[in-house]
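Worksheet for the structure shown next.
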Amino acid sequence: MTGTPLLLGIDLGAGSLKASLIAPDGTLAGEASHPVATAAPKPGWSEQDPHEWWRAAVEAVPRALAAAGGDASRVAALSFSAGAHTQVLEDADGRVIRPAILWNDQRARAETARLRERADRRILEIGYNRANPTWTLPQMLWLRENEPEAFARVRRIYLAKDWLRGRFTGTFETDTIDALGTLMLDARTVQWSEELCGLIGWPMETLPPIVQPRARVGGVTAAAARATGLVAGTPVICGTSDTAVETYGAGMMRPGLGVAKLATAATVSVLSPRAVPELDLINYYHVVPDHWYVITATNSCASAHKWLRDTFFRREGEDGAGAFDAMERLAAATPTGAEGLFFHPYLNGERSPHWDPLLRADFVGIGFNHGPGHFVRALYEGISYSLRDCLEVLRARGLGFGEARLTGGGARSPLWRQILADVLGVRVELPAVADASFGAALLAGVGIGVFADEAAAEAAIRVVATHEPDPERVAFYERGFALYRDIQGALAPLNHRIHAELAGG
């Protein structure tokens, strides 16, 4: 190896795979991404072909290497991340049985209701989380009841990042955090739970061994090296879920610092020395040992932003980034509060604090005075209000914070960052690199000793923008938040009636 060693993070997102190469001081040396398609064969369904993930990696990794100078021998280690809950099922011959059901899929509503009726508190007691349609346990119950032939063929279940990593190493394992995200793990013992698996008749022998996120699980195989341009034998570190490495890469390593993620979905996370297993919270082990991070989440964020762009602002053949830029300018020229226009981002149901898959999105308060910029600004404000809803759930448990780091694609918008600071009433900071591939790269460094431990990697994180809450706008949005909540409460029963009508009464 010649030159500064590089760390490679590979993140599988909902819409693309991204590879980032960083130096140990956090400097970005090269990056590349490749799109990944999501299919929705039925309303509320969300699936991907795992083989497309590998094809995306084969495209993105060589381009990231080229952007970093082309010397693959400088890559000291690589690690991975992807959305939690998303599973890949293989048969006895190692063939993928069906498309992967993504974390945001809503098909398992009925199965979730039955699990709650049967063992709601017991699931929470063992798994430290409540059954919801987005978790693996209800999804696999749906599989058993709707595709029994596929269920019977399963010999291995992978989490998304583990299946992709297995294309590089040929190994089979998962980490503690992703294991918890299946809702099949006993959170108290960090062992697979026979009781939880028994609720759906899941065969224990299909589950992977469990290691720490920082564990070295193998090296790049000769075949993977030929496909990606990496050097055979390059150390591979297990990795973990995207939100875990995003919060880690943003610097959430001390109490009082939260992370707001503005990605396909949006989350609010806070570091905690203990789990808080309650019905309306999500609990995960953290990358930093002996800590947890507690999450509340809203289902639609950047996905809603993209929907607005593609539905109303993007012209045929036009560059999508240019349309986003135009939307930002229009929103910036629109008054605070969008002159009474409200948006609820429930395009795919909602998690915190409502946990209601039947909620529907809306724009409320439309008048002749409203133009395109009002709708964009209302979307920014509505998603920020939804994150305030999430934050209030944490604050009620004494888990608030005074400053928040931002991650995800939505964090690129200066206007949105300021709106979020004003709506949440906290200082908002933007790290120089705010995505999961960066956090995965840091974790690769921990795994091979570039960083002494997980906390030591904080030195590689730089803040490049800060937004302080403005007192006048904070007061304005406080009133707006009350209206936002009242509108949600008034429309929820109508959302349910609309769903019943669409379902045939």
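Judged by distance alone, the side chain of S303 and the main-chain N or O of T264 form a donor-acceptor pair under 3.5 Å. No donor-acceptor distance shorter than 3.5 angstrom exists from the side chain of S413 to the backbone of G410, with no hydrogens or angles considered. N283 places no side-chain N or O within 3.5 Å of a backbone atom of N129 that could act as its donor or acceptor partner. Distance alone, capped at 3.5 Å, places no donor-acceptor pair between the D290 side chain and the V288 backbone. The closest donor-acceptor contact from the side chain of Y248 to the backbone of E454 lies under 3.5 Å. Between the side chain of E381 and the main chain of V376, no donor-acceptor pair closer than 3.5 Å is present. T234 places a side-chain N or O within donor-acceptor distance of the main-chain N or O of V231, the cut-off being under 3.5 Å. In this structure a side-chain-to-backbone donor-acceptor pair under 3.5 Å is present from R314 to E318. A donor-acceptor pair under 3.5 Å is formed between the side chain of S79 and the backbone N or O of I237. Remark: the backbone N or O of A275 is not paired with any side-chain donor or acceptor of S272 at under 3.5 angstrom.
In this structure, R98 pairs ionically with E47, as a charged nitrogen and a carboxylate oxygen lie closer than 4.0 Å. Checked for salt-bridge contact, K261 and D242 meet the test: a charged N lies under 4.0 Å from a carboxylate O. Looking at D280 and R397, a side-chain N of the basic residue comes within less than 4.0 Å of a carboxylate O on the acidic one, giving a salt bridge. A salt bridge links K306 and D310; the closest N-O separation between the charged side-chain nitrogens and carboxylate oxygens is under 4.0 Å. Comment: R95 does not engage E90 in a salt bridge, judged by the lack of any side-chain N to carboxylate O separation of less than 4.0 angstrom. Between D71 and R74, no side-chain nitrogen of the basic residue sits less than 4.0 Å from a carboxylate oxygen of the acidic one, so the salt-bridge criterion is not met. Between R417 and E468, no side-chain nitrogen of the basic residue sits less than 4.0 Å from a carboxylate oxygen of the acidic one, so the salt-bridge criterion is not met.
Considering CG of D325 and CG of L330, their distance stands at 11.0 Å, rounded to 0.5 Å. Taking CZ from R156 and CG from D162, the interatomic distance works out to 11.5 Å, rounded to the nearest 0.5 Å. Here the CD1-OG1 distance, from I282 to T243, works out to 9.0 Å after rounding to the nearest 0.5 Å. The distance from the CD atom of Q212 to the CG atom of L443 is 10.5 Å, given to the nearest 0.5 Å. Rounded to the nearest 0.5 angstrom, H467 NE2 and I419 CD1 are separated by 11.0 Å. Atom OG of S241 is separated from atom CD1 of I177 by 5.5 Å, given to the nearest 0.5 angstrom.
Residues W292 and Y285 bring their aromatic ring centres within 6.0 Å. Aromatic ring centres of F168 and F80: separated by under 6.0 Å. Remark: aromatic rings of W135 and H85 are close, center separation under 6.0 Å.
Between W307 and F343, the angle of the ring planes stays under 30°, which puts this pair in the parallel group of the 30/60° scheme.
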Exercise for review: Would you please test R216 and E173 for salt bridge (Lys or Arg N to Asp or Glu O under 4.0 Å) and show each step?
Suggested key: CA-CA 11 Å; R216 179 172 174 172; E173 60 277 308; over 6 Å; no
Exercise for review: In sequence, state the C-alpha distance, the side-chain angles, and the governing distance for K161 and D175, and then conclude on salt bridge (Lys or Arg N to Asp or Glu O under 4.0 Å).
Suggested key: CA-CA 10 Å; K161 67 100 176 42; D175 73 287; 2.7 Å; yes
**Study point:** From CA spacing to verdict: side chain to side chain contact (heavy atoms under 4.5 Å, CB included), T86, I101
**Key:** CA-CA 6 Å; T86 299; I101 301 173; over 6 Å; no
Practice item. Show the numbers, then the answer: is there a salt bridge (Lys or Arg N to Asp or Glu O under 4.0 Å) between R55 and D49? Key: CA-CA 10 Å; R55 291 192 290 270; D49 175 6; 3.7 Å; yes
**Study point:** Worked check of side chain to side chain contact (heavy atoms under 4.5 Å, CB included) between V217 and V211
**Key:** CA-CA 9 Å; V217 296; V211 301; 4.2 Å; yes
Point to revise | Verdict with supporting geometry, L420 and Q418, side chain to side chain contact (heavy atoms under 4.5 Å, CB included) | key: CA-CA 5 Å; L420 194 61; Q418 185 60 55; over 6 Å; no
**Study point:** side chain to side chain contact (heavy atoms under 4.5 Å, CB included) assessment of N299 paired with L347
**Key:** CA-CA 8 Å; N299 273 347; L347 287 154; over 6 Å; no
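T247 places none of its side-chain heavy atoms less than 4.5 Å from the side chain of T407. Side chains of W202 and S193 form no contact here, defined as non-hydrogen atoms less than 4.5 Å apart.
When all heavy atoms of V245 and A436 are compared, the closest pair comes out as CG2-O, 3.5 Å.
Between the side chains of T38 and Q48, at least one donor-acceptor pair of N or O atoms lies under 3.5 Å. In this structure, a donor-acceptor pair under 3.5 Å is present between the side chains of T27 and D25. Using a 3.5 Å distance cut-off with no hydrogens or angles, the side chains of T296 and S352 do not pair a donor with an acceptor. A donor atom on one side chain and an acceptor atom on the other are found under 3.5 Å apart for S386 and E350. S81 and D11 share a donor-acceptor pair across their side chains, judged by distance under 3.5 Å alone.
Because its NZ or CZ atom is both nearer than 6.0 Å to the ring centre of W163 and within 45° of the ring axis, R167 counts as a cation-pi partner of that residue.
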